[in-house]
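Below: the structure, in structure tokens.
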Amino acid sequence: LFSYDFLCEIIQVNTFRLFFKGCGNSEGEYSYGGFEQDAADIDDAVKFLVSEGYQVDGIIGFAKGGNDAIIYSALYGEVKKIIALAPIIYATNCCMPQFFQDSIDEIKKTGEVMHHI
């Protein structure tokens, strides 16, 4: 089982953990998909941290959070270091394909794609 606590102990950095609507201890209702809203929520968190004097060096997301981090970077580009741990790769049943349609052929051909932002 993945543990952010363990990861933070290893790399010894300050962290800010964000639970999206309906996840963890957050309020609101979870929505399948909802990537653009999640990216906007990440952007709000980044702006808040910067306003409080913190430097945001990277974002780590797990599963759907990995996709959210990638989409945040594509839409906002404020944070360049993104680690997506076990992102959703078979997203044909939700809204992900609209963000990666240009990369589908490359993924089918080579099994991967690299986006430089």
Side-chain angles (χ1 to χ4, degrees):
L1 184 62
F2 177 74
S3 167
Y4 283 107
D5 292 332
F6 177 72
L7 180 63
C8 294
E9 286 176 23
I10 292 172
I11 59 177
Q12 297 185 2
V13 296
N14 293 321
T15 64
F16 176 86
R17 297 174 193 169
L18 172 67
F19 286 107
F20 295 108
K21 293 177 182 76
C23 298
N25 295 326
S26 72
E27 296 177 359
E29 189 172 316
Y30 176 80
S31 67
Y32 187 72
F35 295 99
E36 289 182 70
Q37 181 58 53
D38 290 351
D41 291 345
I42 293 171
D43 189 53
D44 289 341
V46 168
K47 287 177 181 172
F48 168 75
L49 292 168
V50 169
S51 75
E52 293 292 312
Y54 291 95
Q55 178 178 328
V56 180
D57 291 322
I59 296 173
I60 300 172
F62 178 72
K64 181 177 180 287
N67 296 88
D68 292 326
I70 293 168
I71 292 169
Y72 161 79
S73 183
L75 294 177
Y76 297 93
E78 297 295 320
V79 179
K80 303 294 183 194
K81 297 174 186 169
I82 302 295
I83 299 173
L85 300 168
I88 301 167
I89 57 171
Y90 296 107
T92 56
N93 293 330
C94 67
C95 63
M96 283 294 291
Q98 69 187 8
F99 292 102
F100 299 106
Q101 193 61 50
D102 295 339
S103 302
I104 298 296
D105 290 337
E106 183 68 19
I107 293 170
K108 286 180 180 178
K109 180 179 174 185
T110 66
E112 63 184 10
V113 67
M114 177 76 67
H115 286 281
H116 297 280
I117 298 179

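Source: prediction; values computed, not measured. For reference, positions follow the sequence shown, starting with 1.
Here the CD1-CD distance, from Ile71 to Gln37, works out to 12.5 Å after rounding to the nearest 0.5 Å. Here CD1 of Ile70 is found 10.0 Å from CZ of Phe35. Values are rounded to the nearest 0.5 Å. Of the inter-residue distances, the one linking Leu18 atom CG with Asp68 atom CG reads 9.0 Å to the nearest 0.5 angstrom. Ile59 contributes atom CD1, which lies 10.0 Å from atom CD of Glu78 (distance to the nearest 0.5 angstrom).
The two residues Gly66 and Pro87 have their closest heavy-atom pair at C-CB, 4.4 Å. The minimum heavy-atom distance between Ala39 and Tyr76, with the atom names listed, is O-CE1, 3.6 Å. The minimum heavy-atom distance between Leu75 and Glu36, with the atom names listed, is CD1-CG, 4.4 Å. Residues Val79 and Ile82 share a closest heavy-atom pair of O-CD1, 3.9 Å.
When each of Asp38, Asp41, Asn67, Asp43 is tested with Tyr72 by the rule side chain to side chain contact (heavy atoms under 4.5 Å, CB included), just one qualifies, namely Asp43.
Heavy-atom neighbours of Tyr54 OH from other residues, nucleotides or ligands within 6.0 Å: at or below the threshold of 12.
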